[in-house]
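I have placed the structure first, in the form of C-alpha cells, so that the comments after it can refer back to it.
Throughout, protein chains are lettered first and strands after them, A, B, ... in sequence-line order, and every chain is numbered starting at 1.
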Number of protein chains: 2
Amino acid sequence: MAKAPRRGPYICGIDAALDVVSGKWKGLILWELQAHGVRRFAELRRGLPGVSEKMLTQHLREMEEDGLVHREVYAEVPPRVEYSLTEDGRTLNEALSSLGAWGTDRMRREGLRTVEVAGTVEVPASMGG
Amino acid sequence: MAKAPRRGPYICGIDAALDVVSGKWKGLILWELQAHGVRRFAELRRGLPGVSEKMLTQHLREMEEDGLVHREVYAEVPPRVEYSLTEDGRTLNEALSSLGAWGTDRMRREGLRTVEVAGTVEVPASMGG
DNA sequence: CAGTATCCCCCAAGATACTG
DNA sequence: CAGTATCTTGGGGGATACTG
C-alpha cells in the first residue's frame with residue numbers, strides 16, 4: 001500500500017535530495033508551507049491548483065514519512081488537521097531557494113509566465129517570485 | 001517524436017527548475033559534466049551505472065534542448081561526440097550544490113551509503129560528497 | 001472536513017535489435 | 001563509436017465514489 005520509502009542506494013547527495021522532492025507537487029507543498037507556516041488540508045488544496053485529493057494525501061504522507069512535514073491531528077468535530085514543516089523541511093526549503101532563483105531567472109529570460117492562481121500568488125521572500 | 005519541450009506554465013521558479021532536472025539521470029549527468037568538463041558518450045555511460053543507451057541519449061537531447069548541455073560532433077572515423085555544460089548548465093549546477101549538500105548531510109544522518117561506482121566516485125569540490 | 005477505496009490511463013524507463 | 005527503432009511494462013498520476 002504505502003510505497004517503498006526509499007528508491008534505492010543513492011549515487012550522490014543530489015540524487016538523494018531529488019528523490020524526496022520528486023513528485024509533481026512536492027516543491028509546491030514545501031513552498032506553501034514555508035509561506036504560511038501552518039496549513040490545513042483544504043487550504044493546501046486551494047493553494048495547489050489542479051491537485052487531486054488523492055495526490056495531495058499521497059504526497060503529504062510521503063513527505064511525513066521522509067520527515068519533512070509534521071501532521072497535527074485535532075480530535076474535534078468537524079475534524080481538523082494541520083500541516084507544517086519540520087526542521088528538515090525548513091532546511092530543505094532553504095537548500096531549494098537557490099534552485100528557485102535559478103528557475104525564476106530562467107523563466108524571465110525565456111519569457112515564460114507563471115500560471116494565475118486564484119487569490120493571488122504569495123511568494124516567500126527567500127524564493128523571489 | 002521529440003517530447004514536448006516544456007511541461008506547461010509553471011507555478012514558481014522551483015517548479016520550473018525541477019522540470020529541467022526531473023528525469024532519473026539528469027542530476028548525475030550535470031554532475032559528471034561538471035566534474036570532468038568534457039565527456040564523450042561512452043565515458044558518460046560508464047559514469048552512470050545502470051543507464052541504458054536510450055535513456056542516456058534521450059536525457060542528453062532534452063538537456064541540449066533545454067540549453068543546459070552543449071553537443072559537439074566531430075566528423076571523424078570513428079565518430080566522436082563531446083558533451084559539455086553550457087553557461088546555463090553551469091549556473092544550474094551551482095544552484096544545485098546546496099541541495100546536494102543537504103542530500104549528502106541527510107544520507108549521513110540516516111546512515112545511508114552511496115552505491116559503489118567502478119573506478120571510484122569523483123566528487124567536484126562544489127558538491128561535497 | 002479530511003480523508004480512503006477503486007479503477008484506469010499514459011508515459012517514463014527498460015530490453016532488445018539494428019545502423020551510419 | 002554513437003547512436004536509432006520498436007516493443008513492453010511498471011507505477012505515477014488522475015477521476016470518481018464512498019466514509020469516519
For this session: Check whether any side-chain nitrogen or oxygen of A:W25 sits under 4.0 Å from OP1 or OP2 of D:dG12, and answer yes or no.
Result: no
Exercise. Is any side-chain nitrogen or oxygen of B:R39 closer than 4.0 Å to OP1 or OP2 of D:dC1?
Worked result: no
Exercise. To the nearest 10 degrees, how far apart in direction are the end axes of the helix from C:dC1-D:dG20 to C:dG20-D:dC1, each fit to five base pairs?
Worked result: 60°
For this session: Compare the minimum distances between each of C:dA2, D:dC1, D:dG3 and the side chain of A:P79, then state the nucleotide with the smallest one.
Result: C:dA2
Seminar exercise, completed: Among the nucleotides C:dT6, D:dC1, D:dA5, whichever has the atom closest to the side chain of B:K54 is D:dA5
For this session: Grab the CD-P distance between A:E62 and D:dG13 for me, whole Å please.
Result: 8 Å
For this session: Rounded off to whole Å, could you give me the CZ-to-C1' distance for the B:R80 and D:dG3 pair?
Result: 16 Å
Exercise. If each of B:G50 and A:A42 is mapped to the nucleotide of DNA chain C with the nearest heavy atom, which maps nearer the 5' terminus, i.e. the 5' end?
Worked result: A:A42
Exercise. CZ of B:R61 versus C1' of C:dA12: gap in Å, rounded?
Worked result: 18 Å
Seminar exercise, completed: Paired with B:E32, the salt bridge (charged side-chain N to carboxylate O under 4.0 Å, His left out) test is passed by just one of B:R40, B:R39, B:R45, namely B:R39
Exercise. In whole Å, what is the span from the CG atom of A:L56 to the P atom of D:dG12?
Worked result: 17 Å
For this session: Just call it for B:Y74: base, sugar-phosphate, or nothing, with non-hydrogen atoms closer than 4.0 Å on any strand.
Result: nothing
For this session: Verify, without hydrogens or angle tests, whether A:R90 (side chain) and A:L85 (backbone) share a donor-acceptor contact under 3.5 angstrom.
Result: yes
Problem set entry | Distance in angstrom units between A:E43 CD and C:dC1 P, rounded | 11 Å
Exercise. What nucleotide, of C:dT4, D:dG3, C:dA2, holds the atom closest to the side chain of A:F41?
Worked result: C:dA2
Problem set entry | A:T57 side-chain proximity, nearest of C:dG14, D:dA2, C:dG3 | C:dG3
For this session: Just compare C:dG3, D:dG14, C:dG14 and give me whichever is closest to any side-chain atom of A:E53.
Result: C:dG3
Exercise. Using a cut-off of 4.0 Å on non-hydrogen atoms, how would the nucleic acid contact of B:R45 be classed: base, sugar-phosphate, or nothing?
Worked result: nothing
Exercise. Could you give the CD-to-P distance, from A:Q58 to C:dA5, as a whole number of Å?
Worked result: 13 Å
Exercise. Hey, mind stepping through B:R46 and B:E43 against salt bridge (Lys or Arg N to Asp or Glu O under 4.0 Å) and telling me if it holds?
Worked result: CA-CA 5 Å; B:R46 276 188 292 269; B:E43 293 174 325; 5.2 Å; no
Exercise. Does B:D15 reach the main-chain N or O of B:Y10 with its side chain, forming a donor-acceptor pair under 3.5 Å?
Worked result: no
Problem set entry | N or O in side chain of B:H59 less than 4.0 angstrom from C:dA13 OP1/OP2 | yes
Problem set entry | Passing option when B:V21 is tested against B:L68, B:D66, B:L92, B:L99 for side-chain contact (heavy atoms from CB on, under 4.5 Å) | B:L92
For this session: May I have the distance from A:M55 (atom CE) to C:dC10 (atom C1'), rounded to whole angstrom?
Result: 14 Å
Exercise. Quick one: is A:R40 getting a side-chain N or O under 4.0 Å of the C:dC1 phosphate, OP1 or OP2?
Worked result: no
